Amino acid sequence: MSSGVSTSTDKIIVDKSRHHRNKAVSKAVRATRERLQSSANGSHAFDHDALALHVNNMLQSALILPFFIVLVAAVGTYITGNSSLLPWALFTLAAHSLNLLLARRASKTELTALNTQRWQRMFIFGQFLMGACWATFAFSECAVCGGDGYYFYKGAVLLIAISITAMSNVLLRMAVIVAFLLPMLSLGLIALDSRNVFDVGLLGLCATAVLFFHYVSNRFYRSNLTLMSYQSEKDDLIAELEVAKSVSDEARRRAEEANLAKSRFLASMSHELRTPLNAILGFSEVMSSEVLGPMGNGTYREYAGDIHRSGQHLLNLINEILDLSRIEAGRYELNEEALSLLEIAEDCIGMVQLRARAKNISIHQQFEPNLPQVWADEKSMRQVLLNLLSNAVKFTSQGGEVTVKVGWTAGGGQYVAIKDNGPGIAEDEIPVVLSAFGQGSIAIKSAEQGTGLGLPIVQAILAKHDGQFILRSKLREGTEVIAILPATRVLQSLPAVAATRAVEPRRKSFA
C-alpha cells in the first residue's frame, strides 16, 4: 500500500503529495507555537541564549560595580574618619573579580543545553558571595557620626547596590533575591537588637526595594524571552520561506522547461501532422466529387464528405495549435510589410459574408477614410481579423448585427473594433475565454463548438506587434473586441522637400 509520499527522483526535489507537505508544515508550526508559549511561561527553552546574553552583559559592564565600590569606600572613610571600610572594599572587589573571571571563562566555553544549568548555579553562587559582602557593609557603624547622617549614607548605598545588581543580572533569574538575602537578614538582626526606628525603616525600605527590583527584573526577563522567541520564530519562518522559494523556483523551472519542450515539439511536428491530413482531405474530396467515376452506393459518397469535413476541422485545429505553439516557442516569425488595415478588414468581411447571410446577420462598416498604412505582417493581421469576425458571426443569433470599426486611437495608433449583439460573456468568465482552450458557458450552449484557441492566438499575434487586445462584454448585451496597433507601427507620409538653391562651396584661401 502506498504511503502517500513519492520516492522517485523528481518527487524528491518537488514533492507533490499534499498530505506529506501539510503534515511537515503543521508539525513545524506546532513546535514553534509550543516553544513560544512555553517560553512565555518561564520554560527552559531559551536558558542557553539568556545565559549567553548575561555573560556578555557582565563583561561589558565590568567597571561599573568596582567604581561604585571604590566610591562607597572613599565616602565612608571620609564620613567615619577611619579606614574600616577599606578591607571590605578589597574583599568585595575580590568577589567581583571572581565573578568576572567566571564570566570570562564561560564566554570561552561552548555553552550547551547540558552545562547551562551548572553555569547558572555558579553565577548564582557568585551573586550570593557578593551578597555576603553587602551584608558585611550592612553591619558597619559609625560611632563618631552625629545625628542620622550615616543611616542616610548606608540606605543610599544599599539602594544603589540593589538597583545595579538588578539591572546587571536581568537575564539571571532570582539574582536579586539571592544577592540581598544575607543583607536583609543582617538589617533584620540589627533592627531586632536595637529596636531603633531608623533601623526598622532602613530594613523596610531595602526589603521593598528588593521586592520591587525583583519584580522589574523578572518582567525584563520575560520580555527578553519573548523577544528571543519571536526572533527564533522569525528565523524558522525565514528558513521555511527560503526552502519553499527554492522548491518553487525548481518547480517553475521544470514547468517552463516542460512547456518549452512541448511547444518546440509541436512546432517541429508541423510537416509530419499536415502531410497525412492533406492526403486524407485530397482523397476524400476526390471520392465525394466522384472525379474517377460514380460510386455504386450514395452512402459511401456521404461518408467521403463527412471524412473531408472532419479532416478539414482537424486541420484547422492543428493549424491553430501549431500557431500557438510556435508563438510560445519563440519561432513565430513576422513577415512585416506596409499594408492597409482598411483593405484587410474589407477582405475579411467578404470572407465571412456568406456565413453571415446564412444566419441573416447584417455587418455594418464604420471606417475612417484616408488611414495611412501600417508596418505589420499581413498574414498574421488577416488571421487576427478573421478570428474575431468568425467569433462574432458564430456567437451572434439569427437576425443579429455585427459592427466593424477601423480608425485612429488617442495615442496615434490604429485599431479595429468588432461589436456584436450576441449572448455576451459573464464577467467572471472573461479570463477563462482569454486562456487557451477556454470557452464561456453560454457560448458553448448557444453556438457551435470551437477549439478555444482563437483569442489566445489573437493576443499573442498582437503582442508580437507590440499591440494590445481588449475584450469588453456584458451578459446578454453583446461583446466588443478591439485590436490595437501602436503609433510606432503607423507609417506617416512626410511632405515633399521644397527645392532650394544649392550652396556654393567656399573658396579656399591661403595665407
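Since the structure is predicted, the reported quantities are computational estimates derived from the model, not experimental observations. Numbering starts at 1 and runs along the sequence shown. FYI, side chains are in, hydrogens and waters are out, and symmetry mates aren't considered; it's all heavy atoms of this structure.
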- Item | Chi angles and distances behind the side chain to side chain contact (heavy atoms under 4.5 Å, CB included) call for V210, I177 | CA-CA 7 Å; V210 168; I177 298 295; 3.9 Å; yes
- Task: Report the C-alpha separation of E250 and R253 in whole Å, then their side-chain angles, then the decisive distance to 0.1 Å, and conclude whether the salt bridge (charged side-chain N to carboxylate O under 4.0 Å, His left out) test is met.
- Result: CA-CA 5 Å; E250 180 66 20; R253 184 186 65 82; 2.5 Å; yes
- In sequence, state the C-alpha distance, the side-chain angles, and the governing distance for M228 and L53, and then conclude on side chain to side chain contact (heavy atoms under 4.5 Å, CB included). CA-CA 11 Å; M228 284 188 285; L53 290 176; 4.0 Å; yes
- Message: Please evaluate residues L462 and I484 with respect to the criterion side chain to side chain contact (heavy atoms under 4.5 Å, CB included), reporting the C-alpha separation (whole Å), side-chain torsions for both, the decisive distance (0.1 Å), and the verdict.
- Response: CA-CA 8 Å; L462 290 175; I484 301 175; over 6 Å; no
- For Y415 and V406, what are the C-alpha separation, side-chain angles and deciding distance, and is it a side chain to side chain contact (heavy atoms under 4.5 Å, CB included)? CA-CA 6 Å; Y415 74 94; V406 181; over 6 Å; no
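Side chains of I457 and I461 form a contact here, defined as non-hydrogen atoms less than 4.5 Å apart. Between I425 and L475 there is no side-chain heavy-atom pair separated by less than 4.5 Å. Side-chain contact between N169 and V176: absent, with no pair of heavy atoms (C-beta onward) separated by less than 4.5 Å. For the pair I124 and L172, the minimum side-chain heavy-atom distance is below 4.5 Å. Here the side chains of K405 and I482 are not in contact, with every heavy-atom distance at 4.5 Å or above. At a threshold of 4.5 Å between non-hydrogen side-chain atoms, the residues S140 and L85 count as touching. Contact annotation: the side chain of V404 never approaches that of K419 to less than 4.5 Å [non-hydrogen atoms, C-beta and beyond]. Put simply, the side chain of V374 reaches to within 4.5 Å of the side chain of L341, judged on heavy atoms.
Rounded to the nearest 0.5 Å, atoms OG1 (T396) and CG (N391) are 9.5 Å apart. Remark: Y221 OH to R173 CZ distance equals 5.0 Å, nearest 0.5 Å. Here CG of L51 is found 10.5 Å from CZ of R118. Values are rounded to the nearest 0.5 Å. The CG atom of L455 sits 11.0 Å away from atom CD1 of I430, with the distance rounded to the nearest 0.5 Å. Atom-to-atom distance recorded for I64:CD1 and Q60:CD is 10.0 Å, nearest 0.5 angstrom. To the nearest 0.5 angstrom, M184 atom CE is 4.5 Å from C206 atom SG.
Using a 4.0 Å cut-off between charged side-chain N and carboxylate O, E336 and R489 make a salt bridge. Ionic pairing of E242 and K245 is not present here: no N-O contact between side-chain nitrogen and carboxylate oxygen is shorter than 4.0 angstrom.
Applying the ring-ring contact (aromatic ring centres under 6.0 Å, His included) definition to pairs two or more places apart or across chains, those involving residues 77-129 are H54-F123, W88-W134, W88-F137. Residue pairs meeting the side-chain hydrogen bond (donor to acceptor under 3.5 Å, both in side chains) criterion with at least one member in residues 176-196, sequence neighbours excluded, are Y151-N196, S194-D199.
Test N224, V216, N57 against V170 for side chain to side chain contact (heavy atoms under 4.5 Å, CB included) and you get one pass: N224.
No more than 12 heavy atoms of other residues, nucleotides or ligands shown are found within 6.0 angstrom of CZ on F220. Taking a 6.0 Å sphere around CZ of F198, one finds it holds 12 or fewer heavy atoms contributed by other residues, nucleotides or ligands. More than 12 heavy atoms of other residues, nucleotides or ligands shown are found within 6.0 angstrom of CD on E257. The number of heavy atoms from other shown groups lying within 6.0 Å of CG (L63) does not exceed 12.
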Going by atom type alone, with no hydrogens or angles, which donor-acceptor pairs under 3.5 Å involve a side-chain atom of residues 155-166 and a protein atom two or more places apart or on another chain?
from : atom 1 : to   : atom 2 : distance (Å)
S163 : OG     : L159 : O      : 3.4
S163 : OG     : I160 : O      : 2.7
T165 : OG1    : A161 : O      : 2.8

